[in-house]
Structure formats: C-alpha cells, structure tokens
Amino acid sequence: MGHLDAESVFLSARLIQRRGPSGKPDQKDLNENMAATQGLSHMIIECKKLFQIPHDMMLQSRNSYVAAETHPLPLEDLGISLKGDPGDYRAFLDASIQSFLREMAEKCRGWHSAPGPEHTELSYKKVGDGHPIRVWKASTEIEAPPATVLHRVLRERHLWDDDLLHGRVIEALDQNTEIYHYVTDSMAPHPRREFIVLRKWSADLPRGACVLVASSVEHDKVQLEGGLRAVVLSSRYLLEPCGMGRSRLTHVCRADLRGRSPDWYNKVFGHLCAVEVARIRDSFPVLTARGPETKL
C-alpha cells in the first residue's frame, strides 16, 4: 500500500509538471492518476484480505511455541487437584475468585509498570509456573456503576469489541455461571480465533463491587468453525465503585492466541489488553457536572 501511496504522490507531481498549453494535464496522466487512486482505495477497503497465505500453512500455527502446554480441560477435569483427587468446576471457580481478590488487595506487589493508552494503567507480572506468557493488568475509570459495567462486559460485547463476529451462551450452569463461545476476526494473514470459556461472576461484593473470572474449557457441543482455537489461561475483571456513580475497571489477562511469537506477547499483547479496557470505557457516554456544552 505504501508503494501505491508513493506512486499517487509521484503521479500528482507529474500532473503539475506536464501540463499542456492550456494549463491542464493531458489525458494519459489523468488516467494513470485515477488508476493509482482507485488501486489504493481498493486496498484500503479490502485490507483484511491482503497478503493471505495458504490455509494449510495457517493450520501449522496451531503448533505455536506453547501450544502443547495449553490445551483446555473438559469441565469435569477442572477441579482435579495436583494429587489427582476429584473436585468440581464450582470449587475451581470459587478458588479463582478468592485468589484474584487477594491478589488485587496486594496492589502493586510483583507488578512492573508499562506504557499504555491515555487514561489507562498497564503493568505485567512474570509467573514462575514454567509458562513463558506474562500476566497483564490494565485499569481505567468508567462513567458507570460496577453492575452496569459488568452487564456491558457479559452481555454487550458487540458494543466494545470491534473484532467480534458472534458470540453465544452454550450452556447456563447456574444463575451466575455459564459456558460462553465467541469468535473474533483478525487482520490477514491471521485467521479467525475461537474462544470457549467457563465464566462466573458475582455482583454482591462489599461496597457494590463486582467480579468476573473466566478460563478456557473444552466442550463437545462446539465444533471448530475454521481458524484457530485460542486459549484463555485466565481472564479476571474487578469492578470497584469510585464515587459519583463511577467505577474503576481492572482486567487481568493471560492468553495464548496461537501463532504468535514470545516477543509479540511481551511487546504487543499487553497494549491490546489496555486498548480493550479503554474501549469498554469509551462505550459509555462521558458525564460532566457542568451539563451539556453550548456554542456561543
């Protein structure tokens, strides 16, 4: 696209230099300039279809550098302890919530700050479990109470996730626990990515705070539509009231999206997490105490 853009500028310069006796460019130059402009416009419109590579080559990206270590477990295996003792997914989810809340109470312990988008806070932590992917934490303040933001995250993903193609609840396990399937688009040559997550939420924490935890799970009712099955190792949202009907949203995430390099996870993935919380924030109207502005 840069080549065509440069060519358009070059042709425009030629139009100035090669004007006829009447002061107008000749028809040949006009045609060349129009062709270059139309080509550039087409590339912009079809940007997600550019530079595609064979499907069988993309299938090989399933064997990413951590793919063998991040296969989701079926629901019945989530509660099994390291000793092989049986458990259940409810205990797994409850333990995930309590562990997350304790970690958030420790504030900055073990976290390293990183630059992020405006009005967001971004940091990361290395986890000593043998898995190379970092945990990223992104925070921002939102002009809505915690319960409203929780509903936006759970039920209105289409309002803040521009890459979402579709999503649905596969199975409701109880009033606040479900298995959710969603598919996101990607810029070519990367394929679509599918996610199947077990998630649980609570809206009755002290002071009106809310929490949501999610992790990838295997489910026999979902067949791969085409693309890659990404793995959410952990996704945690904490929504805390911060006065005047506002909330502080903190998202802690660790995921293997398949087909990405370790360097990408270190340099890009965290920024995407921060962009996500910013999009959730921006999906709400900004309220001001001054009321609507007027033009004088």
Side-chain angles (χ1 to χ4, degrees), residues 61-73 75 77-79 82 89 92-117 120-140 153-154 157 160-161 163 179-182 184 186 190 193-201 211-218 228-239 249-280:
S61 67
R62 287 199 179 106
N63 298 318
S64 63
Y65 73 105
V66 291
E69 304 174 21
T70 54
H71 292 299
L73 295 174
L75 198 63
D77 292 345
L78 279 178
L82 294 177
Y89 68 87
F92 168 79
L93 291 170
D94 289 340
S96 297
I97 289 176
Q98 294 306 316
S99 174
F100 176 51
L101 294 177
R102 284 195 302 269
E103 185 177 19
M104 291 300 95
E106 295 176 354
K107 301 298 181 183
C108 298
R109 183 177 178 183
W111 294 95
H112 305 276
S113 296
T120 65
E121 296 176 13
L122 181 64
S123 56
Y124 68 89
K125 177 189 289 189
K126 296 180 180 179
V127 183
D129 59 358
H131 201 297
I133 295 180
R134 296 173 176 176
V135 180
W136 287 90
K137 178 173 68 172
S139 303
T140 192
V153 173
L154 279 171
R157 191 180 186 102
W160 52 268
D161 187 349
D163 294 325
I179 298 177
Y180 182 67
H181 171 236
Y182 63 101
T184 60
S186 300
H190 291 278
R193 285 178 168 82
E194 295 193 37
F195 301 80
I196 304 174
V197 294
L198 171 68
R199 60 187 191 179
K200 178 176 182 176
W201 62 92
V211 65
L212 165 66
V213 300
S215 297
S216 281
V217 67
E218 194 62 52
L228 298 177
R229 178 71 55 82
V231 179
V232 177
L233 299 167
S234 63
S235 177
R236 316 284 189 250
Y237 292 88
L238 178 62
L239 301 150
L249 165 64
T250 300
H251 182 209
V252 176
C253 187
R254 194 184 192 199
D256 178 11
L257 301 183
R258 304 300 206 223
R260 298 290 192 178
S261 68
D263 197 46
W264 184 89
Y265 285 100
N266 291 340
K267 295 182 178 180
V268 179
F269 182 71
H271 181 78
L272 296 182
C273 293
V275 168
E276 177 178 299
V277 300
R279 286 177 175 173
I280 297 173

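Note that the coordinates shown come from a computational prediction; the quantities given were computed from them, not determined experimentally.
Between Val275 and His271 there is a side-chain heavy-atom pair separated by less than 4.5 Å. With a 4.5 Å cut-off on side-chain heavy atoms, Val213 and Trp201 do not count as touching. Two residues are said to be in side-chain contact when any heavy atoms from C-beta on lie closer than 4.5 Å; Pro262 and Arg134 fail this criterion. By the 4.5 Å heavy-atom criterion applied to side chains, Lys200 and Val211 are not counted as neighbours. A heavy-atom distance below 4.5 Å is not found between the side chains of Asp94 and Tyr89. Thr250 has its side chain within reach of Lys137: a pair of non-hydrogen atoms, C-beta onward, lies under 4.5 Å apart.
Note: Lys125 NZ to Arg254 CZ = 11.0 Å, rounded to the nearest 0.5 Å. How far OH of Tyr182 is from OG1 of Thr184: 7.0 Å, rounded to the nearest 0.5 Å. The line from CG of Leu101 to OG of Ser96 is 10.5 Å long, rounded to the nearest 0.5 Å. To the nearest 0.5 Å, the span separating CG on Leu198 from CZ on Phe92 amounts to 7.0 Å. Rounded to the nearest 0.5 Å, atoms NE2 (His112) and CG (Leu122) are 12.5 Å apart. In this structure, CG in Leu233 is found 6.0 Å from CD1 in Ile133, a value given to the nearest 0.5 Å.
Pairs passing the salt bridge (Lys or Arg N to Asp or Glu O under 4.0 Å) check and including a residue from residues 264-274, sequence neighbours excluded, read Asp263-Lys267.
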Residues Val135, Tyr124; criterion side-chain contact (heavy atoms from CB on, under 4.5 Å); working and verdict = CA-CA 6 Å; Val135 180; Tyr124 68 89; over 6 Å; no
Could you walk me through whether Leu257 and Phe195 pass side-chain contact (heavy atoms from CB on, under 4.5 Å), step by step?
-> CA-CA 9 Å; Leu257 301 183; Phe195 301 80; 3.9 Å; yes
Take Val197 and Val217, measure what side-chain contact (heavy atoms from CB on, under 4.5 Å) needs, and give me the verdict at the end.
-> CA-CA 5 Å; Val197 294; Val217 67; 6.0 Å; no
For side-chain contact (heavy atoms from CB on, under 4.5 Å), just list the numbers for Ile196 and Tyr180, CA-CA rounded to whole Å, side-chain angles, deciding distance to a tenth of an Å, and then say yes or no.
-> CA-CA 6 Å; Ile196 304 174; Tyr180 182 67; over 6 Å; no
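Under the rule for a salt bridge (Lys or Arg N to Asp or Glu O under 4.0 Å), the partners of Arg157 that lie at least two apart in sequence or sit in another chain are Asp161. For the side chain to side chain donor-acceptor pair (under 3.5 Å) test, no residue two or more places apart in sequence or in another chain qualifies with Lys126.
Looking at every heavy atom in both residues, Trp136 comes nearest to Trp111 through C-CZ3, 4.2 Å. The two residues Ser123 and Ser113 make their nearest non-hydrogen contact at CB-CA, 4.0 Å. Contact between Leu228 and Arg258 at its shortest, heavy atoms only, is CD1-CB, 3.8 Å. Residue Ala138 comes nearest to Ala274 through the heavy atom pair CB-CA, 3.7 Å, listed as atom of the first residue, atom of the second, then distance. Nearest approach of Cys273 to Cys253, heavy atoms of both residues: SG-CB, 4.1 Å.
When only modelled atom types and interatomic distance are considered, His251 and Ser139 share no side-chain donor-acceptor pair under 3.5 Å.
Ionic pairing of Arg229 and Glu218 is present here: one or more N-O contacts between side-chain nitrogen and carboxylate oxygen are shorter than 4.0 angstrom. Between Arg193 and Asp163 no salt bridge is recorded (no basic side-chain N to carboxylate O distance below 4.0 Å).
Using modelled atom types, no side-chain atom of Arg199 and backbone atom of Leu212 make a donor-acceptor pair closer than 3.5 Å.
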